[in-house]
Structure formats: structure tokens, C-alpha cells
Amino acid sequence: MTQRVIIHVDLDYFYAQCEENLNPSNREKPVIVCVYSGRTEESGVVSTSNYLARKYGVKAGIPIARAKKLLETAEAVFLPMNRSLYEEVSDRIMDMLRNCADSFEKAGIDEAYLEITNRTSGSFEKAAEIAAEMKQQILEQEHITCSIGIAPNKLLAKIASDHNKPNGLTIVNPGELAAFIAGLPVDKIPGVGKKVEENLNHLKVQTVSQLRALDATNLIETFGKSLGPYLYHAARGEDDEPVREREQPTQFSRIATLKKNTRDMSEMMPLLEELTNSVAQKLAETDMTCKSVGIIAILHDLSIHSKSRTLESPTADVKTITKNVKDLIEQFLQSMPNAVARRIGVRLSGLSRRSGQTDISKFLHG
DNA sequence: GTATGCTTTCGGC
DNA sequence: TTACGGCCGAAAGCATAC
């Protein structure tokens with residue numbers, strides 16, 4: 001088994017950087033890209049912000065109203081999301097990166113993994129040169145900075161890209177691997193968020209080297225048969241996940257906030273129809289069918305609930321989807337007599353592509 | 001018990 | 001002092017068939 005060379009590319013504060021490029025005068029100001037829910041003038045959350053805004057404590061996920069408070073002394077720019085713009089920029093960058101790799105994996109709108117083992121013959125020095133060229137190309141063609149990690153696997157490449165931001169380049173040579181991760185806080189491990197971190201803290205684990213001291217059995221008992229082994233290996237910098245193009249999407253969903261909280265069918269249906277039409281249109285655009293239809297409800301207390309059902313046969317028909325959505329909402333309201341919805345959504349899953357799919361009758365009667 | 005498939009929840013970005 | 005989105009993929013949880 002030859003040593004792999006993996007790169008993780010993370011586009012810096014991506015949505016906000018796209019907005020800076022659209023309007024360069026914003027580069028000197030805090031820029032906050034917002035998801036407005038439409039309920040009141042400023043209800044909603046921050047999607048992302050530039051580094052100037054972050055100096056004020058304004059970061060992804062906080063309410064817009066709170067961001068405005070934090071920035072009331074600054075001349076800040078609050079902008080609504082323009083997702084199609086970000087997708088276009090992302091698509092162009094991803095196409096550039098794909099051409100730089102032996103194998104390529106888009107891991108989100110603003111990040112990607114590249115395996116470059118073959119084209120570097122395993123040399124990390126050569127990898128650093130390629131990374132520098134990629135950074136330059138992305139900057140010249142799209143005026144976007146990024147942070148890059150180079151490592152022997154995806155796990156370490158991702159941790160490395162996060163190590164020096166923005167506009168950073170971090171190399172973790174195989175020989176430096178142990179020293180690199182040992183002192184890191186456990187929440188630097190992808191998959192270790194608030195909840196897992198709390199659990200680890202109860203076990204007196206705050207750093208990766210402390211995590212490494214736990215035995216596999218203990219980890220599996222505490223975190224289950226998926227996360228347990230993952231943590232055991234992550235503590236040692238081990239990961240053999242391949243870099244591969246992601247398959248077709250597995251689900252499409254649309255969710256939105258109601259003008260006011262309700263459990264009244266007639267107040268929910270217009271929004272549900274809109275969401276259903278939108279997600280069904282996505283299905284049509286991508287020439288897919290769905291086998292499963294589901295609804296999502298976020299209640300007044302922000303608790304999340306969902307219901308779904310599998311259809312007799314795959315469909316892309318709006319009427320069929322709408323009928324099932326309506327049934328599921330009624331079923332949900334009946335099952336939770338005290339539920340008052342704040343946000344509602346529609347989810348289609350069990351997706352498959354229509355074209356290229358052989359007619360089943362050929363198998364039956366071939 | 002194991003394999004498989006479906007529903008619901010979790011958590012990253 | 002609080003404040004609160006819209007997506008996605010994966011895992012957990014559960015049921016059923018063998």
C-alpha cells in the first residue's frame with residue numbers, strides 16, 4: 001500500500017466572499033449573508049459573514065437581530081442569500097479543481113477533496129506546488145481565496161485546511177502526523193460537534209491525545225458501532241476513506257417558515273403547495289423520480305418532527321406528491337394534538353434517474 | 001441471528 | 001436578556017423475511 005496524497009480545499013467565507021466580489025466596496029465593511037425567514041423584518045439567521053464581521057462575534061447560525069446588535073456601532077452590510085450566484089461560482093471552481101486531480105470529490109458548495117497521489121508520485125513537495133498553483137488559479141479566475149490542507153488521508157487533509165484560515169496552506173507530512181493532531185482539541189475532528197464533545201468531556205477528554213488513551217471497547221460502548229470506531233481511528237490520524245465523485249443526490253427538500261405559528265390545515269396548505277411545486281420542479285429538472293414522500297415540521301418550541309411514506313411506485317407527478325404531502329400533514333396533526341407549527345417542509349427521497357433506466361417489461365418478457 | 005429496507009433523527013455547512 | 005434557516009447525507013432505530 002503506497003502512501004496517498006490528499007488535498008482538501010475550503011473556499012474562505014464563501015458566500016460573503018462572493019458578495020464582496022459582486023460589490024468590491026464591501027470588502028472594507030462587515031458583510032453578513034442572511035437567511036431571512038420573512039416572518040418579521042429581521043427574523044432569520046446568519047448564513048456566513050466575512051472576517052471583519054467575525055471580529056464582532058458575528059458568525060454562522062446566530063439570529064440576524066443579534067448580529068445587528070453586535071454590529072450597531074459598525075457600518076455593516078446585511079445581504080440576503082443569493083444561492084444561484086454562489087452555485088455558479090462554485091461550479092466553475094469545482095470544474096477547475098476536478099482537472100487538477102486523479103480523483104475528485106465535491107464535499108459541499110465550498111469544499112472538495114482531491115487525490116493527487118499519481119500525479120505527484122507520492123511527493124508532498126510536489127503536492128505543495130500543485131496546491132499553490134490551484135490557489136493562484138482560483139484567485140485569478142474567480143477572485144476567491146481558499147484554505148488548503150495536504151495530508152495522507154481525507155480526515156487529516158480536512159483538519160489541515162481548517163488549521164490556517166483564511167488563505168492558508170497547511171501540510172501534514174506522514175512523519176509529522178502524530179505531532180500535528182496530538183495537541184488539538186477534540187472538536188477539531190470532523191464529526192465532533194457540541195454533543196459528542198460534551199460526551200467526551202464527561203470522560204475527561206479534551207484533546208486528541210487524551211482521546212487516544214481511550215480503548216476501542218469503551219468508545220464503541222459510548223458512541224456506537226459507527227462513531228466509536230471512527231473516533232478510535234481519528235485519534236490516531238487514521239482514515240482510509242477513498243476520494244470519489246459523489247453519486248446522484250439521495251434526497252431533495254424544501255422547507256420554509258410560516259407567517260405565523262399554526263396547526264390549521266388551511267393556513268398551511270398554500271405554503272405546502274408552493275414547497276411541493278418547487279421540489280417537484282427540481283425533480284423534473286434533474287429527470288428524477290422519487291419513491292418516498294415526506295414532510296418536516298418544526299414546532300413553536302423549535303423541536304423537529306418528520307413523517308414519510310414509501311409509494312407503490314416511483315413518481316415525479318406533482319398531484320401524487322401533493323396528495324401524499326397533504327395526507328402526511330393530516331396524519332401528523334392527528335398524531336400530535338398539541339403541535340403548533342412554526343416551519344414546514346417537504347422531502348422527496350428514494351431518488352432515481354429516469355434516463356438510462358431500462359424498462360422493467362424487458363426483464364419480464366425480454 | 002443476519003440481511004434488508006423503511007422511517008426518523010442527528011448534525012454539518 | 002432574548003432573539004432562530006434551508007438545505008444535505010448519514011446513522012440510528014425499527015420491522016420484516018429468511
Side-chain angles (χ1 to χ4, degrees), chain A residues 8 10-16 32-49 57-70 80-84 86-87 90 105-112 158 161-162 187-199 223-230 241 246-258 261 271 274-275 278-279 282 290-312 324 328 331-332 335-336 342-351:
Chain A
H8 182 253
D10 196 317
L11 306 178
D12 296 325
Y13 62 102
F14 183 53
Y15 298 172
I32 305 91
V33 178
C34 302
V35 188
Y36 290 101
S37 70
R39 171 164 286 216
T40 69
E41 190 71 16
E42 354 190 280
S43 67
V45 298
V46 172
S47 181
T48 194
S49 58
V58 172
K59 55 183 181 180
I62 72 169
I64 295 164
R66 200 174 141 206
K68 294 223 158 160
K69 278 259 186 251
L70 289 166
M81 283 243 281
N82 184 355
R83 183 165 293 159
S84 55
Y86 316 144
E87 277 171 1
S90 171
E105 178 176 342
K106 176 178 171 174
I109 193 169
D110 65 348
E111 59 179 300
K158 168 121 178 142
S161 73
D162 186 60
D187 70 345
K188 292 293 178 187
I189 298 173
V192 177
K194 193 165 163 248
K195 220 162 179 175
V196 174
E197 188 187 1
E198 270 176 30
N199 264 313
F223 297 101
K225 62 183 179 6
S226 173
L227 189 56
Y230 168 76
E241 287 298 311
R246 302 238 163 147
E247 306 300 322
Q248 300 167 4
T250 62
Q251 60 176 241
F252 293 137
S253 65
R254 292 291 184 273
I255 186 165
T257 304
L258 290 152
N261 294 0
L271 182 54
E274 206 179 306
L275 296 169
S278 168
V279 77
K282 176 80 178 177
C290 67
K291 183 123 202 303
S292 219
V293 175
I295 56 106
I296 308 137
I298 288 97
L299 306 187
H300 61 294
D301 60 356
L302 300 184
S303 63
I304 303 167
H305 305 262
S306 63
K307 288 220 174 288
S308 69
R309 64 161 61 143
T310 297
L311 310 176
E312 313 76 41
N324 281 284
L328 285 162
Q331 193 185 319
F332 171 73
S335 73
M336 296 205 61
R342 177 187 177 89
R343 299 160 62 202
I344 49 176
V346 177
R347 177 166 56 211
L348 307 181
S349 56
L351 305 184

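Bear in mind that the values here come from a model prediction, so they are computed numbers and not experimental data.
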Query raised in the report: Taking for each residue the nucleotide of DNA chain C with the nearest heavy atom, is it A:Q248 or A:K225 whose nucleotide lies nearer the 5' end?
Result: A:Q248

Query raised in the report: In terms of the nearest nucleotide of DNA chain C, which residue is placed more toward the 5' end: A:F223 or A:R343?
Result: A:R343

Query raised in the report: Between which nucleotides of DNA chain C, read 5' to 3', does contact with chain A run, using atoms under 4.0 Å from its heavy atoms?
Result: C:dT2 to C:dA12

Requested in this report: Using modelled atom types only, decide if a donor and an acceptor are shared between the side chain of A:R342 and the backbone of A:T257 within a distance under 3.5 Å.
Outcome: no

Requested in this report: Taking ring-ring contact (aromatic ring centres under 6.0 Å, His included) as the test, write out the residues that go with A:Y13, two or more places apart.
Outcome: A:Y51

Report task. Only counting residues at least two apart or in another chain, list the ones meeting ring-ring contact (aromatic ring centres under 6.0 Å, His included) with A:Y86. Result -> A:Y15

Query raised in the report: Under 6.0 Å from the NZ atom of A:K291, do we count more than 12 heavy atoms belonging to anything else shown?
Result: yes

Query raised in the report: Counting heavy atoms not belonging to A:K188, are there more than 12 under 6.0 Å from its NZ?
Result: no

Query - Separation between the P atoms of B:dC13 and C:dC4, rounded to whole Å - result: 24 Å

Query raised in the report: What residues form a side-chain hydrogen bond (donor to acceptor under 3.5 Å, both in side chains) with A:K158, not counting sequence neighbours?
Result: A:E111

**Report entry** Residue pair A:S43 / A:S37, side-chain donor-acceptor N/O under 3.5 Å
**Finding:** yes

Query raised in the report: Hey, what do you get for CD1 (A:I255) to CD1 (A:I295), rounding to the nearest 0.5 Å?
Result: 10.0 Å

Query raised in the report: Out of curiosity, A:K59 NZ to A:S47 OG, how far, rounded to the nearest 0.5 Å?
Result: 14.5 Å

Query raised in the report: For DNA chain C, what residues of residues 33-47 of chain A have any heavy atom nearer than 4.0 Å?
Result: A:V35, A:S37, A:G44, A:V45, A:S47

Query - Test log, rule side-chain contact (heavy atoms from CB on, under 4.5 Å), inputs A:I189 and A:V196 - result: CA-CA 10 Å; A:I189 298 173; A:V196 174; over 6 Å; no

Query raised in the report: Counting any heavy atom closer than 4.0 Å, what does A:A256 reach on the DNA or RNA strands: base, sugar-phosphate only, or nothing?
Result: sugar-phosphate

Query raised in the report: Touch check for A:F14, heavy atoms < 4.0 angstrom, all strands: base, sugar-phosphate only, or nothing?
Result: nothing

Report task. For nucleotides 1-13 of chain B, just jot down a letter per nucleotide in 5' to 3' order: B, S or -, based on protein non-hydrogen atoms under 4.0 Å. Result -> -----SSBB-SSS

Query raised in the report: Is the cationic atom of A:K307 (NZ for Lys, CZ for Arg) positioned less than 6.0 Å from the six-membered ring centroid of A:F332 and within 45 degrees of its normal?
Result: no

